[in-house]
Amino acid sequence: MLDIQLLRTDLDRVVARLATRGFQFDATQFRALEEERKRIQVRAQTLQAERNQASKAIGQAKAKDEDTTALMQDVSRINEALKEDEAELLDVQTRLEGLLLDFPNLPHASVPVGKSEVDNVEVRRVGTPRVFDFPIKDHVNLGESLGLLDFETASKLSGARFSILKGELSHLHRALSQFMLDTHTRDHGYTEMYVPYVVNAETLRGTWQLPKFEADLFSVPRGEQGKHYLIPTAEVPLTNVVRDAILKEDDLPLRLTAHTPCFRSEAGSYGKDVRGLIRQHQFDKVELVQIVHPELSYAALEELTGHAEKILQLLELPYRVIVLCTGDMGAGSCKTYDIEVWLPAQNTYREISSCSNCEAFQARRMQARFRNKKGKPELVHTLNGSGVAVGRALVAILENYQNVDGTIEVPSVLRPYMGGTAVIGRKR
RNA sequence: GGAGAGAUGGCCGAGAGGUCGAAGGCACUCCCCUGCUAAGGGAGCAUAGGAUCAAAAGUUCUAUCGAGGGUUCGAAUCCCUCUCUCUCCGCCA
C-alpha cells in the first residue's frame with residue numbers, strides 16, 4: 001500500500017511513475033473523491049465535537065441537579081445530522097481505500113523502464129554452461145527413464161501439475177533443501193523458522209496476495225471462521241511475523257528463512273510449461289526474508305540476492321542475474337532481481353529465484369514498525385527472495401549433471417546429505 | 001469436544017455508565033542533584049487520521065481500552081456475536 005499522504009501531495013508524479021509499470025490511474029476521479037472526503041469528514045468531525053461537548057455539559061448539569069431537557073434535544077438534533085454524514089463518509093472512505101488497495105508499489109529509480117520481460121536487463125552471468133558430447137535429455141525424460149519421476153500416478157492422486165518423486169530423486173530433493181537451509185543459517189546469518197502452511201486472509205492481505213490474486217490461491221473452508229488459504233510462498237508467513245509489531249531498532253535486521261511447500265492454483269497459466277516440474281501446483285522452496293531499517297534496504301537487497309546466488313555457486317550451476325523492468329515486476333516490489341539457472345535441454349536460463357525489496361509497501365499494510373532514535377514508530381522495509389526454489393534446482397541438477405548413460409552425478413556439496421552417494425540411477 | 005477465567009498504552013496494572021486517552025509502576029528522553037556498585041528530585045512520553053500552515057513546528061478536532069454490532073444524550077465500563085489467551089476434563093499423531 002502506498003502512503004496516502006504521497007497521493008495527496010504529489011499525485012501527478014505518482015501517476016507518472018506508476019504508468020511506467022503499465023498501471024493506468026484516473027487522477028481526476030481520485031481528486032474528486034478526495035474533495036468529497038474532505039468536505040464530509042470536516043462536517044462530520046465538527047458535529048462530533050459539538051455532540052461531545054453537549055454530552056459533557058449534560059453530565060455536568062446532572063451533577064448539579066439541573067434540568068437537561070433542552071441540552072438533550074440539541075444532542076438529538078446533532079445525532080440526526082451526524083447519522084447521514086457518517087454513512088456518507090464511510091462510503092467515500094471505502095471507495096478511496098478500494099482504489100488505494102489496488103495501487104502497485106512505486107518502482108525504484110534504478111529500475112529500467114519497460115513493458116514486459118523483453119525489457120529486463122541482464123546484470124551478470126556466472127559460470128559457463130557445460131558442453132555435452134552426447135545428445136542430452138530433458139529432466140522429464142531423465143527422471144522417467146530412471147523410474148524416479150512419476151507424473152501419471154500423481155495425476156491419478158491429485159490431477160494435472162502434481163508430481164511424485166521416488167527413491168534417490170526424492171532423497172536428492174530432501175538433500176537440496178537441507179543444504180540450502182544449512183547454508184543460510186550457518187553462513188548467512190538467517191534464523192530457521194517452521195511456520196504454518198495454512199494462513200488467514202488478514203495475513204495474505206499483509207503481503208499483497210489478497211484481495212487481488214485470490215484466484216491464484218488454494219483455499220480451505222473453515223466453517224464460521226470463514227476461509228483459510230494454503231501459502232503460495234513462505235514469504236507470507238515469514239513476513240507477517242512482524243505484522244502489528246513494534247520492533248526495537250536493535251532487533252533489525254531480522255533475517256528469517258524457512259523451507260516450506262508452496263501451493264499455487266495459477267488457473268491462467270496453462271499452456272506454458274505444461275511439461276515437467278517447472279510449473280506445479282505444489283512445490284518446495286527455501287525462502288529468505290529480511291526485515292530491515294529503511295536506510296539499509298537496498299544494501300540488503302544486494303546481500304540477499306548474493307545469498308541466493310551462493311547456493312547456485314556451491315551447486316556449480318551456471319546462472320545469470322537480471323533486473324526486472326518496471327512492467328515485469330510484481331506489484332509489491334520496488335526493485336526485483338531474478339536469478340535464472342541454465343537449463344541445457346531448453347538451451348536457456350530459467351527463473352529459479354526472485355529477490356525483491358518492497359520498501360514500506362508491505363510494512364504499511366501490516367503496520368510493521370520499529371521505534372526509531374526519536375522514539376517514534378517508523379515503518380520497516382521488507383525484502384524477500386527464494387533461496388532457492390527446490391523443485392527447479394532439482395530440474396537444473398538433473399539436466400546439467402546428466403551422464404551419457406542417463407544417470408545423474410551428485411554435486412559434491414550434496415554428497416554428505418546423500419549418505420555419500422555420488423551418482424543417481426546407477427544399477428546395483 | 002466439555003466447563004470456567006480473561007483480553008486496557010512499549011511492558012505491568014487500576015478503572016465497573018459522565019469531567020477517562022485512561023491512576024500508579026517499569027522502561028525510555030531531557031533537566032537537576034549526587035563521587036560510586038539496578039541512588040534521589042523534576043518534566044516529558046500511545047497510535048492513526050483530519051483541519052490550519054508553502055513546509056516544519058505549533059494549535060486544534062476526530063477515532064481507537066481484542067474485533068464487530070447494539071443500548072444510551074453520553075460506553076474502557078451495560079448487552080449480543082466473533083477471535084484469541086489461560087486453567088481443568090476428554091480425545092489424539
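Chain letters run A, B, ... following the sequence lines, proteins first, then strands; residues in each count from 1.
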Original post:
Considering Watson-Crick and G-U wobble pairs with both distances under 3.5 Å, what does B/G58 pair with?
Top reply: B/U52
**OP:** Tell which nucleotide pairs with B/C11, taking only Watson-Crick or G-U wobble pairs whose two distances are both under 3.5 angstrom.
**Re:** B/G25
**OP:** Kindly state which residues belonging to residues 197-206 of chain A come within less than 4.0 angstrom of RNA chain B, counting heavy atoms of the residue only, listed by number.
**Re:** none
Original post:
What string of B, S and - do you get for nucleotides 55-65 of chain B 5' to 3' if you count protein non-hydrogen atoms under 4.0 Å?
Top reply: ------BSS--
Original post:
Nearest to the side chain of A/S55, which nucleotide is it out of B/G74, B/G10, B/G49?
Top reply: B/G74
**OP:** Determine the interatomic distance between P on B/G41 and the same-named atom on B/G69; round to the nearest Å.
**Re:** 46 Å
**OP:** May I ask you to check whether A/F263 and A/H281 place their ring centers less than 6.0 Å from one another?
**Re:** no
Original post:
Rounding to a whole Å, what distance do you find between A/E86:CD and B/G49:P?
Top reply: 20 Å
Subject >> Partner nucleotide of B/A63 by Watson-Crick or wobble geometry (both distances under 3.5 Å) >> reply: B/U47
**OP:** Side chain of A/I246 only, please: which of B/U47, B/A51, B/G10 is the nearest?
**Re:** B/G10
Original post:
Between A/H307 and A/Y190, how do the two ring planes meet: parallel, tilted or perpendicular, split at 30° and 60°?
Top reply: perpendicular
Subject >> G-U wobble or Watson-Crick pairing nucleotide for B/A38 (cut-off 3.5 Å, both distances) >> reply: none
Original post:
Is a side-chain N or O of A/Q290 found less than 3.5 angstrom from the main chain of A/R255, in a donor-acceptor match?
Top reply: no
Original post:
Of all the nucleotides listed (B/U19, B/C73, B/U47), which has the minimum atom distance to the side chain of A/I58?
Top reply: B/C73
Subject >> side-chain hydrogen bond (donor to acceptor under 3.5 Å, both in side chains) partners for A/R13, two or more places apart >> reply: A/D10
Subject >> Separation of atom CZ in A/R371 from atom P in B/U47, rounded to whole Å >> reply: 6 Å
**OP:** Counting Watson-Crick and G-U wobble pairs only, both distances under 3.5 Å, name the nucleotide matched with B/C84, or none.
**Re:** B/G6
**OP:** In whole angstrom, give me the gap between the C1' atoms of B/A57 and B/G10.
**Re:** 26 Å
Original post:
Considering every strand shown, what is the Watson-Crick or G-U wobble mate of B/U77 when both distances are under 3.5 Å?
Top reply: none
Subject >> Under 3.5 Å: donor-acceptor pair, side chain of A/H184, backbone of A/G387 >> reply: yes
